[in-house]
A.B. asks: 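Below you'll find the structure I mean.
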Amino acid sequence: MTETNKTATLTLDDKSYDLPILSPSAGPDVIDIRKLYGQADVFTYDPGFTSTASCESAITYIDGEEGVLLHRGYPIDQLAGKSHFLEVCYLLLYGELPSAAQIEDFESRVTNHTMVHEQMHRFFTGFRRDAHPMAIMTGVVGAMSAFYHDSTDISDPWHREVASIRLIAKMPTIAAMAYKYSIGQPFVYPRNDLDYASNFLRMCFSVPAEDYNVDPILSRAMDRIFTLHADHEQNASTSTVRLASSSGANPFACIAAGIACLWGPAHGGANQAALESLKEIGTPDRIPEFIARAKDKDDPFRLMGFGHRVYKNFDPRAKVMKQSADEVLDLLGVENNPILAVAKEVEKQALEDDYFVDRKLFPNVDFYSGIILEAMGFPTSMFTPIFALSRTVGWVSQWKEMIEDPGMKIGRPRQLYTGATQRDYVDVENR
């Protein structure tokens with residue numbers, strides 16, 4: 001961020017106030033209103049903070065109009081196509097791509113922290129078997145602060161480093177344990193000889209009764225899902241993590257807050273919603289009917305998984321995810337899965353329909369990730385936990401950046417108060 005010589009002038013009651021304009025390294029200029037309340041005794045009003053820069057960050061940049069997503073300056077399609085998840089984790093955490101020695105050290109540190117404290121297993125038995133995996137993850141991650149006291153002092157750089165590695169390393173184990181618990185199978189411990197994505201798949205799908213070998217195509221697809229969801233600027237859950245962090249809360253509590261926010265269907269449930277749309281369609285012969293309904297502005301039906309709230313052109317993550325979806329479906333086939341057969345045909349018909357093409361309603365990352373996870377055998381209840389697992393590195397990076405910012409302040413949004421003005425209390429017998 002650099003200060004410019006430009007200012008914006010606000011005129012209020014015949015008095016003018018000059019507001020500094022700040023220039024980012026990319027994106028629109030920002031009007032600095034930090035002193036506005038003190039000078040003019042007014043607040044700004046921006047529900048959802050959709051026109052407000054809540055922080056200064058060097059991690060992720062999005063240009064929704066142009067379909068751009070950059071992590072530390074690197075386009076997401078290059079990272080997803082040429083890199084792998086733990087390398088992207090390193091980039092988000094430390095700001096630069098690692099050398100060969102640095103990534104070897106980082107992967108070793110993550111791998112050696114994948115096990116969870118044995119007593120944490122008892123937490124799972126306190127939940128009902130039909131508890132949603134996100135409910136379990138929220139509780140278990142929040143409880144990590146009770147087990148890892150040596151990494152909760154946010155003022156200590158080493159504590160912050162250890163907490164960051166622990167969260168990235170243990171989240172796949174916790175997510176897999178939540179899944180295993182929900183289906184009544186025994187927990188599977190991580191293995192240090194497997195890569196991050198393969199380890200997660202093995203912990204989810206292997207059983208003690210037989211050997212389990214992870215197919216490299218499935219492992220690569222899982223790694224891409226992790227990579228493409230690693231961070232997405234100041235979205236609802238990331239902002240929640242930052243707001244919780246601003247109070248000085250321990251990192252495990254802050255990430256648990258992010259998980260709780262992500263659980264909302266308007267945020268982390270998008271790929272689940274896409275699959276539910278496909279289930280509602282049911283069979284390929286009904287697709288024209290539902291596409292017609294999607295185009296009817298008077299019909300409440302929405303074809304989920306097409307278009308994006310942020311990207312007004314195309315979702316830059318979708319191209320890479322489509323490649324993985326095609327590879328997974330070629331490997332596993334769609335013959336015995338009617339949902340996947342519908343998905344393939346919906347994609348084909350929508351991309352040939354002028355209504356969708358003209359409005360740039362292309363399949364987004366949630367459409368393809370939902371297809372991949374369904375093909376792999378994950379129930380829809382696990383879609384959001386996998387999203388949380390992927391996003392943990394983004395949350396941790398944003399948390400770490402915020403804590404290390406000397407200008408950090410506790411979050412304290414203002415409000416446009418519309419309640420009653422001051423009233424005098426009346427005794428109950430006189431009301």
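For the single chain, residues carry numbers from 1 onward in sequence order.
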A.B. asks: Is Y148 close to K170 at the side-chain level, that is, under 4.5 Å between some pair of heavy atoms?
C.D. replies: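 In contact.
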A.B. asks: Could you check whether the rings of F106 and Y94 sit parallel, tilted or perpendicular, using 30° and 60° as the cut-offs?
C.D. replies: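 F106 vs Y94 ring planes: perpendicular.
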A.B. asks: Within this structure, what is the CG-CG distance for the pair L218 and L332, rounded to the nearest 0.5 Å?
C.D. replies: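 That separation rounds to 5.5 Å.
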A.B. asks: Rounded to the nearest 0.5 Å, what separates atom OG in S83 from atom CG in L91?
C.D. replies: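 Spacing of OG (S83) from CG (L91) equals 8.0 Å.
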A.B. asks: Roughly how far, to the nearest 0.5 Å, is the CG atom of L329 from the CD1 atom of I217?
C.D. replies: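 Rounded to the nearest 0.5 Å, the CD1-CG separation comes to 11.0 Å.
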A.B. asks: With side-chain contact (heavy atoms from CB on, under 4.5 Å) as the criterion, how do L97 and E87 come out once you've worked through the C-alpha distance, each side chain's angles and the decisive distance to 0.1 Å?
C.D. replies: CA-CA 7 Å; L97 289 172; E87 186 175 61; 4.1 Å; yes
A.B. asks: Ring centres of F226 and Y196 under 6.0 Å apart?
C.D. replies: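 That pair passes the under 6.0 Å test.
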A.B. asks: Should the pair D296-R293 be classified as a salt bridge under the 4.0 Å nitrogen-to-oxygen rule?
C.D. replies: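 No salt bridge links D296 with R293.
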A.B. asks: Looking at D193 and R202, is any side-chain nitrogen of the basic one under 4.0 Å from a carboxylate oxygen of the acidic one?
C.D. replies: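 Salt bridge flag = no for D193 with R202.
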A.B. asks: Roughly how far, to the nearest 0.5 Å, is NZ of K180 from SG of C204?
C.D. replies: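 These two atoms lie 7.5 Å from each other.
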A.B. asks: How many angstroms lie between atom CD1 of I259 and atom CZ of R391, to the nearest 0.5 angstrom?
C.D. replies: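 Spacing of CD1 (I259) from CZ (R391) equals 12.5 Å.
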A.B. asks: Quick one, M177 with V140, criterion side-chain contact (heavy atoms from CB on, under 4.5 Å). Give me CA distance, side-chain angles, the key distance, then yes/no.
C.D. replies: CA-CA 10 Å; M177 291 171 73; V140 172; over 6 Å; no
A.B. asks: Find the distance between OG (S245) and CD (Q398) and round it off to the nearest 0.5 Å.
C.D. replies: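 It comes to 10.0 Å.
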A.B. asks: I'd like to know if the side chain of D353 reaches the main chain of Q349, judged simply by a donor and an acceptor atom lying under 3.5 Å from each other, with no hydrogens or angles considered.
C.D. replies: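 No; zero donor-acceptor contacts below 3.5 Å.
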A.B. asks: Using 4.0 Å as the upper bound for N to carboxylate O, is an ion pair formed by D77 and K319?
C.D. replies: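 A salt bridge is absent here (no side-chain N lies under 4.0 Å from a carboxylate O).
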A.B. asks: Does the side chain of S369 reach to within under 4.5 Å of the side chain of R317, using non-hydrogen atoms?
C.D. replies: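 No. Closest side-chain heavy atoms not under 4.5 Å.
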A.B. asks: Kindly say whether H149 contributes a backbone atom to a donor-acceptor pair with the side chain of T152 at under 3.5 angstrom?
C.D. replies: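 Between the backbone of H149 and the side chain of T152 there is a qualifying donor-acceptor contact (under 3.5 Å).
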A.B. asks: Using only atom types and a distance under 3.5 Å, with no angle test, would you say the side chain of Y90 pairs donor to acceptor with the backbone of Q102?
C.D. replies: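 Absent.
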A.B. asks: Y37 and F43: aromatic ring centres closer than 6.0 Å?
C.D. replies: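 Yes, the ring centres sit under 6.0 Å apart.
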A.B. asks: Testing the basics here: between F356 and A350, what is the closest heavy-atom pair and its distance to 0.1 Å?
C.D. replies: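 Shortest heavy-atom contact: CB-O, 3.4 Å.
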A.B. asks: Thinking salt bridges, do K344 and D326 make one under a 4.0 Å N-O criterion?
C.D. replies: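 D326 and K344: salt-bridged.
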A.B. asks: Can you name the nearest heavy-atom pair linking A176 to F200, along with the distance?
C.D. replies: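 For A176 versus F200, the nearest heavy atoms are N-CE1, 4.0 Å.
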A.B. asks: Checking T173 side chain against M115 main chain: does a donor-acceptor pair fall under 3.5 Å?
C.D. replies: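 Not at all, since once roles are kept as given, no pair shorter than 3.5 Å links the two residues.
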A.B. asks: Do C55 and M402 make a side-chain contact, defined as non-hydrogen atoms from C-beta onward lying under 4.5 Å apart?
C.D. replies: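 C55 vs M402: side chains apart.
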A.B. asks: With a 4.5 Å heavy-atom cut-off, do M222 and I386 have their side chains touching?
C.D. replies: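 Of all side-chain heavy-atom pairs linking I386 with M222, at least one is under 4.5 Å.
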A.B. asks: Check whether any side-chain heavy atom of H267 lies under 4.5 Å from a side-chain heavy atom of S237, and answer yes or no.
C.D. replies: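 Yes, their side chains come closer than 4.5 Å.
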A.B. asks: Using a cut-off of 6.0 Å, state whether more than 12 heavy atoms not belonging to R128 lie near its atom CZ.
C.D. replies: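 Incorrect, the count does not exceed 12.
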A.B. asks: Is it true that a side-chain atom of N199 and a backbone atom of P190 form a donor plus acceptor pair closer than 3.5 Å?
C.D. replies: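 Not at all, since once roles are kept as given, no pair shorter than 3.5 Å links the two residues.
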A.B. asks: Looking at every heavy atom in both I154 and P251, which two are closest together, and how far apart are they?
C.D. replies: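 Heavy atoms only, the tightest pair is CG2-CD, 4.0 Å.
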A.B. asks: Is there a donor-acceptor pair closer than 3.5 Å between any side-chain N or O of D13 and the backbone N or O of K15?
C.D. replies: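 Answer holds: no.
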A.B. asks: Are R220 and E327 within salt-bridge range, i.e. N to O under 4.0 Å?
C.D. replies: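 No, no charged N to carboxylate O under 4.0 Å.
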A.B. asks: Between K279 and E374, is there a salt bridge with N-O shorter than 4.0 Å?
C.D. replies: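 Salt bridge: no.
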A.B. asks: Might you work through the side-chain hydrogen bond (donor to acceptor under 3.5 Å, both in side chains) test for S151 and R166, ending with a clear yes or no?
C.D. replies: CA-CA 9 Å; S151 56; R166 279 178 169 157; 2.9 Å; yes
A.B. asks: So which atom in A40 and which in Y17 form the shortest heavy-atom distance, rounded to 0.1 Å?
C.D. replies: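 Looking at all heavy atoms of both residues, the closest pair is CB-CZ, 3.5 Å.
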A.B. asks: Side chains of E56 and E401: closer than 4.5 Å at any heavy-atom pair?
C.D. replies: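 E56 does not reach E401 side chain to side chain.
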A.B. asks: Going by the angle between their ring planes, with limits at 30° and 60°, are Y179 and F205 parallel, tilted or perpendicular?
C.D. replies: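 Taking F205 first and then Y179, their aromatic rings stand perpendicular (interplane angle over 60°).
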A.B. asks: Could you go through M382 and M376, starting from their C-alpha distance and side-chain angles, then the distance that decides it, and tell me whether this counts as side-chain contact (heavy atoms from CB on, under 4.5 Å)?
C.D. replies: CA-CA 12 Å; M382 275 298 293; M376 286 181 176; over 6 Å; no
A.B. asks: Would you call P363 and L351 a side-chain contact if the rule is heavy atoms closer than 4.5 Å?
C.D. replies: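 Side chain of P363 against side chain of L351, heavy atoms only: contact under 4.5 Å found.
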A.B. asks: So do the side chains of S324 and Y368 get within less than 4.5 Å of each other, counting heavy atoms only?
C.D. replies: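 A side-chain contact under 4.5 Å is absent here.
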A.B. asks: Do F367 and F306 have their ring centres less than 6.0 Å from each other?
C.D. replies: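 So the answer is yes for these two rings.
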A.B. asks: Would F147 and F123 count as a close aromatic pair, with their ring centres under 6.0 Å?
C.D. replies: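 Between F147 and F123, the centre distance is under 6.0 Å.
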A.B. asks: More than 12 heavy atoms of other residues, nucleotides or ligands under 6.0 Å from CD of E161: yes or no?
C.D. replies: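 Result for CD/E161: enclosed.
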A.B. asks: Where do H121 and Y189 land on the ring-ring contact (aromatic ring centres under 6.0 Å, His included) test, with the steps shown first?
C.D. replies: CA-CA 11 Å; H121 289 211; Y189 287 84; 5.7 Å; yes
A.B. asks: Report the C-alpha separation of E233 and T238 in whole Å, then their side-chain angles, then the decisive distance to 0.1 Å, and conclude whether the side-chain contact (heavy atoms from CB on, under 4.5 Å) test is met.
C.D. replies: CA-CA 7 Å; E233 212 215 59; T238 299; over 6 Å; no
A.B. asks: Can you see which heavy atom on M137 is nearest to which on A178, and at what distance?
C.D. replies: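 It is CG-CB, 4.4 Å.
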A.B. asks: Closer than 4.0 angstrom, basic N to acidic O: yes or no for E280 and R302?
C.D. replies: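 A salt bridge is absent here (no side-chain N lies under 4.0 Å from a carboxylate O).
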A.B. asks: Out of D223, D195, L79, which one pairs with F85 under the side-chain contact (heavy atoms from CB on, under 4.5 Å) rule?
C.D. replies: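 Testing each of D223, D195, L79 against F85, the sole residue satisfying side-chain contact (heavy atoms from CB on, under 4.5 Å) is D223.
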A.B. asks: Ignoring hydrogens and angles, tell me if any N or O in the side chain of S239 forms a donor-acceptor pair with the backbone of N235 under 3.5 Å.
C.D. replies: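 A pair under 3.5 Å: yes.
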A.B. asks: Between S246 (side chain) and G411 (backbone), is there a donor-acceptor pair under 3.5 Å?
C.D. replies: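 Yes, because the side chain of S246 sits within donor-acceptor range (under 3.5 Å) of the backbone of G411.
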A.B. asks: Take atom CD1 of I103 as the centre, draw a 6.0 Å sphere, and report whether it contains more than 12 heavy atoms from other residues, nucleotides or ligands.
C.D. replies: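 Atom CD1 in I103 is packed in, count exceeds 12.
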A.B. asks: Does atom CZ of F49 have more than 12 heavy-atom neighbours from other groups under 6.0 Å away?
C.D. replies: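 Counting other residues, nucleotides and ligands, CZ of F49 stays at 12 neighbours or fewer.
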A.B. asks: Mind listing the closest non-hydrogen atom pair of D29 and P24 along with its distance?
C.D. replies: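 Residues D29 and P24, closest heavy atoms: OD1-CD, 3.8 Å.
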